[in-house]
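To keep things clear, I will list the structure first and then write my remarks on it.
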Amino acid sequence: MTTIFEYAVVLAVLFGVVFCLLGALGLVRMPDVYLRSHAATKSATLGVLCVLTGAFLYFALFEGHISAKLLLGILFVFLTSPVAGHLNGRAAYRSGVKLWRRSVRDDWGKALLQKEKGVSSQENGRQ
């Protein structure tokens, strides 16, 4: 019975390592800051979560104690990494970093343009 749990721990850690490796490869291979941010945020977050889950399962099943630090680490990474990736992309866009030349859509540009028009029309109505 313990071999099933051992395999579960090994698979969780192995999946985490593979996803972290894919995230690192994405950081090197992607052409612009937005795609790099996407690669780092999605795959590295999933990789770290899998590794931490494997560590949590190991301590819970084989050492016999529940690690609150690992649970908090899983929760912290799950909540903060996507938000940080989004804010980095948003800051890059607002500071004028160009999209990749083969990018097809620019949804944020349309939304930002509409927001600026709405603000300027509201300012004109107040004066």
Side-chain angles (χ1 to χ4, degrees):
M1 193 67 162
T2 59
T3 58
I4 294 172
F5 294 128
E6 289 172 355
Y7 287 133
V9 169
V10 168
L11 281 176
V13 172
L14 186 62
F15 281 146
V17 168
V18 168
F19 279 114
C20 286
L21 181 65
L22 290 173
L25 186 64
L27 282 173
V28 174
R29 297 285 300 164
M30 295 294 169
D32 70 347
V33 69
Y34 307 106
L35 295 174
R36 288 178 184 156
S37 175
H38 179 76
T41 302
K42 301 290 183 181
S43 60
T45 300
L46 184 59
V48 169
L49 289 177
C50 286
V51 169
L52 289 177
T53 301
F56 176 77
L57 288 175
Y58 173 78
F59 284 116
L61 298 174
F62 297 108
E63 298 295 323
H65 64 86
I66 305 297
S67 176
K69 290 180 184 179
L70 281 172
L71 286 175
L72 288 174
I74 290 169
L75 181 68
F76 181 75
V77 169
F78 182 72
L79 292 176
T80 59
S81 185
V83 173
H86 172 75
L87 290 177
N88 284 336
R90 188 174 180 173
Y93 193 88
R94 286 184 172 251
S95 65
V97 176
K98 299 290 182 196
L99 294 171
W100 182 38
R101 60 181 162 76
R102 292 178 56 189
S103 293
V104 181
R105 291 175 55 176
D106 185 10
D107 293 336
W108 179 243
K110 294 175 188 174
L112 190 60
L113 185 62
Q114 288 176 355
K115 185 177 180 181
E116 288 175 358
K117 285 183 180 179
V119 169
S120 64
S121 65
Q122 288 176 357
E123 289 175 358
N124 289 339
R126 291 182 190 163
Q127 293 177 354

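In what follows, residues are counted from 1 in the order of the sequence shown.
- In this structure, the side chain to side chain contact (heavy atoms under 4.5 Å, CB included) partners of Leu87, at least two apart in sequence or on a different chain, are Val83.
- Clustering ILVMFWY residues whenever any of their side-chain heavy atoms sit less than 4.5 angstrom apart, transitively, puts Tyr34 in a cluster other than the one holding Met30.
- To the nearest 0.5 angstrom, Arg29 atom CZ is 12.5 Å from Leu35 atom CG.
- Hydrophobic clustering of Ile, Leu, Val, Met, Phe, Trp and Tyr side chains at less than 4.5 Å, counting indirect connections, unites Leu49 with Leu75.
- We find the CG-CZ distance between Leu52 and Phe56 to be 11.0 Å, quoted to the nearest 0.5 Å.
- Residues Gly54 and Ala12 come closest through the heavy atom pair CA-CB, 3.8 Å.
- Note that OG1 of Thr53 is 9.0 Å distant from CG of Leu71, once rounded to the nearest 0.5 Å.
- The line from SG of Cys20 to CG of Leu25 is 12.5 Å long, rounded to the nearest 0.5 Å.
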Determine whether Phe19 and Thr45 satisfy the following criterion, side chain to side chain contact (heavy atoms under 4.5 Å, CB included), listing intermediate values before the conclusion. CA-CA 8 Å; Phe19 279 114; Thr45 300; over 6 Å; no
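- Clustering ILVMFWY residues whenever any of their side-chain heavy atoms sit less than 4.5 angstrom apart, transitively, puts Ile4 in a cluster other than the one holding Val10.
- A distance-only check finds no donor-acceptor pair linking the side chain of Ser43 to the backbone of Ala40 [under 3.5 Å].
- Heavy atoms of other residues, nucleotides or ligands lying less than 6.0 angstrom from OH of Tyr93 number more than 12.
- Cluster membership for Ile66 and Phe5, using ILVMFWY side-chain heavy atoms within less than 4.5 angstrom, is shared.
- Grouping the Ile, Leu, Val, Met, Phe, Trp and Tyr side chains by contacts below 4.5 angstrom, directly or via other members, places Val17 apart from Val48.
- Considering only heavy atoms from C-beta on, Phe62 stays 4.5 Å or farther from Leu57 through its side chain.
- Between the side chain of Ser37 and the backbone N or O of Gly85, at least one donor-acceptor pair lies under 3.5 Å.
- Nearest heavy atom pair, residue Val9 against residue Tyr58, reads CG2-N, 3.8 Å.
- By the 6.0 Å contact criterion, CZ on Phe76 is open, its count of non-hydrogen atoms from other residues, nucleotides or ligands being 12 or less.
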